[in-house]
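Chain letters run A, B, ... following the sequence lines, proteins first and then strands; every chain starts at 1.
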Amino acid sequence: MLDLALSVLAEQSTPGLMLMFFYVVMLELPRYGFSAVAFAVSPARRQQSVCLSNFSPRVSVIAAGLNEGDCIEKCVRSLRAQSYKNLEIVIVSDGSRDNMPKIARDLVRKGLVEKAFATDRRCGKSSGVNLAYRYTSGEIIINVDCDCSYDRFAIERIVAQFADDPSVGATVGDIIPRNGNMSLIAAIQVIEYLLCISLGKRIAAVFDQVVCVSGAFSAFRRAAIDDVGFLDPGGGEDLDLTLRLRRRGWRIAFAADALCYTDVPVTDWALIRQRMRWERDAVRVRYRKHRGTCLPSSRTFMVAEAVHQIDFLLFNVLLGITFPLYLLFLYFEMGASVGFMLLAAHLGMMLLDTVIFLIAVLTTGRWDFLGYLFYVPAYSIFNTTVMRAVRVVAYVQEWAFDGSRGDAHYVPLRVQQARRW
Amino acid sequence: MYSQISSHKVPSLQLPDGIIIKSASDLLRAAQLRNSPGGHLRPVIDLTGDYRSECDAVGHQALQETVDAFAARRSKLANWVLASERPDVRLLAYLYLTGVPLTARYTPDNKAAIGYGRLAPVPLPNQTAEELVSAGYLARRLFDRVHYCDRCSSARLNVREECPSCRGVDLRTETLLHHFKCVYQGPEPDFRADDSRLVCPKCARELRHYGTEYERSGTVQQCGTCGQTSTEPAIGFVCMDCSAHFDSENVRAREYFHYELTEAGTTYLLQPHPRSGDHVLRHLYPLAIATRIAALAAQGGHFVVCEISYKRERALVHEHGADAFERARRQFIDELRAQMVVDCLIAESRDHDYALVPAVTKSELLPSLNERITYVMRTLRHDLGVKAFALDCNEILTCST
């Protein structure tokens, strides 16, 4: 069957190949392949962290979460083990029903945490972070997830991004899954994070196109937060805040060497649920709340914003929605041999993904990630089939049914119902 | 108030048969008599009805009956018991004569807050009773646990809510409001406009409908002294006698029990003669160890007794609190017990612990004991600074004779 697929490829003329792989040749290759190669050989990737000798502002770390009693102490201890010492930690237990409030109080008593709050009702992570912010005193505010842990120099390096450029309003650190060995799904996400965050945000930073500071590890200048207000309701609050900051002219940086370790979903359904939520929120935030940024007729139109908005619309939304039409087109063009043709297309994608994976390893210097090389074919297939289908369903749910408003998993329903966008 | 009311006399002591309280002023004198030689061998009868809980009987009707009951039991005790002024023997004899348990009760006018009455047969009844419990002569039942001042031992502590940061008591509770529309969450004063309207400080919208626009999500404590904010206040203790301050981590607690005579206690009390060396051994060791020494000495066997002390007690209490030290000490003893031979007896006293190991000499025991102590210490979180001082049977018996 593989031979047949390869022979189908070999029989095609150059225009025929272009027609078969127009998605890859016209869209994927220029977007990821060329930019990855360009970045791998550019001087930007060798950029080092800024020296901090004269820049050590007070940093406030906010850890807000729901029922995080099992992991909050580990997170705090990882923060207290940081090379950067001028920091205060504020914990908010967002209506937790486990022992998180008690553990947070104990951490205050032990002097590991400056302040801890526990609300009686679950209000959502955004509300918890906003509450904590009210009681912070730092010039730099760092938002972390309670189930994450941090490299010893993570805070020092993320704070360094604010040293020389007062227009930097926010910085996002690099996120690395620490449980990639738990399942095939987790291993696939290790590759995905490497390509999309570790490599993708490096490239985006060169073009000033970092458009989402992850809620797991991001730092903000207090002046920037005060300029836009902190988090707004709903999921995708990290994307929303980044877009608001960008609209106000703040630069968003990426600290490639500030490392945050997180656990990713290990089962397919957990991953699919997470991604459905992410994609729904992305569409809502981008094309409902911030749609003006890509409409030339709008007073909020900005070219730099329109670039990433159109990029997302083209490569995520339209590509996903038109993919089934593309398959139909191939079927009518090639008849029964479409199966071999798709197999051949997948082989081509795997090859491209493998090259980009190797570039990512080379760029980040994470040679131990080479062990995941054998999972790249699985990543390639999963990404182009399952995840593409997930995106299509999520977009349809959001556009047609305002699906995120009924999602109480991340934000309480009473807040989802009350939010404007 | 002090009268001889019947013909029953304690042999050789020539003491009256009872102490009668006729007025409030008699109580102090009765307590002195109770603590005097032989004072524990006769009942105190309250004719006023005001000291019901402290006396052995109340009212005229119970007078003769109580005196007779004491006399009947007293006649079964050997002279060595009747004549003994050792606290443990006094307490056992008293419990035997009364036929009721030694009962703890609240004494708010006293620094200890809980006690065994002014008419207890020994000055520190619970200390003596605890030794008798470890010897198996008394059984105990928990009455209550009280916190006490580490500086002056007073249990009259004021328990109060304090600021976790500065330990001040000027705390103010503020309600948190949560605005759904923009998810701002903060204390109510943040939302208070001049004209008593609620206006969100983030989005400037007015909050009007509770439950649909906003909610009360919790409370925070604001300290009026240092300005710190926290969800819950800390609990602190202030001694009302010496003003010392303790937080809940460091305050020490003491347990009080009711004590009841056991079968073994009765048997010990009713033996016709005391065991040899018993008296001196009781000054050296806890009762359980002293009793076992006397038994082993009578059999002529070898044994070694180790006194275990904790040199880092003060430092540990200072660094981690009294509870942490007590837990570590208890854990050490439990682990050591598990490491030792089966018939090794370990007994605790206030300042030291003791291990009696039978059928060994000091030179045989010490290397392995030190090895075991080192091993156990490695398993503990805190370094107790354990030191063991050993005496073999010859050294102990020489001391006691």
Contact leader toward chain B among A:Val411, A:Leu231, A:Val92, where contacts are heavy-atom pairs under 4.5 Å: A:Leu231
Per-residue contact mode, A:Arg414 against chain B (heavy atom under 4.5 angstrom): both
Contacting region of B:Glu213 [heavy-atom separation from chain A under 4.5 Å]: neither
Qualifying side-chain hydrogen bond (donor to acceptor under 3.5 Å, both in side chains) pairs with a residue from residues 64-74 of chain A, counting only residues at least two apart or across chains: A:Glu73-A:Arg77
Which atom of B:Gln185 lies closest to which atom of A:Ser127, heavy atoms considered: NE2-O, 3.0 Å
Pairs involving residues 115-124 of chain A, ordered by first then second residue, that meet salt bridge (charged side-chain N to carboxylate O under 4.0 Å, His left out) (sequence neighbours left out): A:Arg121-B:Glu215
Partner residues of B:Glu130 under the salt bridge (charged side-chain N to carboxylate O under 4.0 Å, His left out) criterion, sequence neighbours left out: B:Arg140
Separation between OG1 of B:Thr229 and CG of A:Leu131, rounded to the nearest 0.5 Å: 9.5 Å
Heavy-atom contact with chain A under 4.5 Å, split by part of B:Pro187: both
Side chain / backbone / both / neither for A:Tyr135 at chain B, heavy atoms under 4.5 Å: side chain
Interchain contact, B:Asp247 with chain A, by part (heavy-atom threshold 4.5 Å): neither
Whether B:Ser217 side chain and A:Thr119 backbone form a donor-acceptor pair below 3.5 Å: no
Options A:Arg134, A:Glu114, A:Glu237, A:Gln416, ranked by heavy-atom pairs under 4.5 Å with chain B, top entry: A:Arg134
B:Lys202, part contacting chain A, at a heavy-atom distance under 4.5 Å: side chain
Neighbourhood of chain A inside residues 154-175 of chain B, taking heavy atoms under 4.5 Å as contact: none
Flag if over 12 foreign heavy atoms under 6.0 Å of CZ, B:Arg337: yes
For chain B, the option from A:Ser126, A:Pro233, A:Ala418 that forms the most heavy-atom pairs under 4.5 Å: A:Pro233
Contact origin within A:Phe230 toward chain B - heavy atom pairs under 4.5 Å: backbone
Residues, nucleotides or ligands: over 12 heavy atoms within 6.0 Å of B:Arg141 CZ: no
Top contributor to chain B interface from A:Val129, A:Val415, A:Asn130 [non-hydrogen pairs under 4.5 Å]: A:Asn130
Which atoms of A:Ala116 approach chain B - backbone, side chain, both or neither, heavy atom under 4.5 Å: backbone
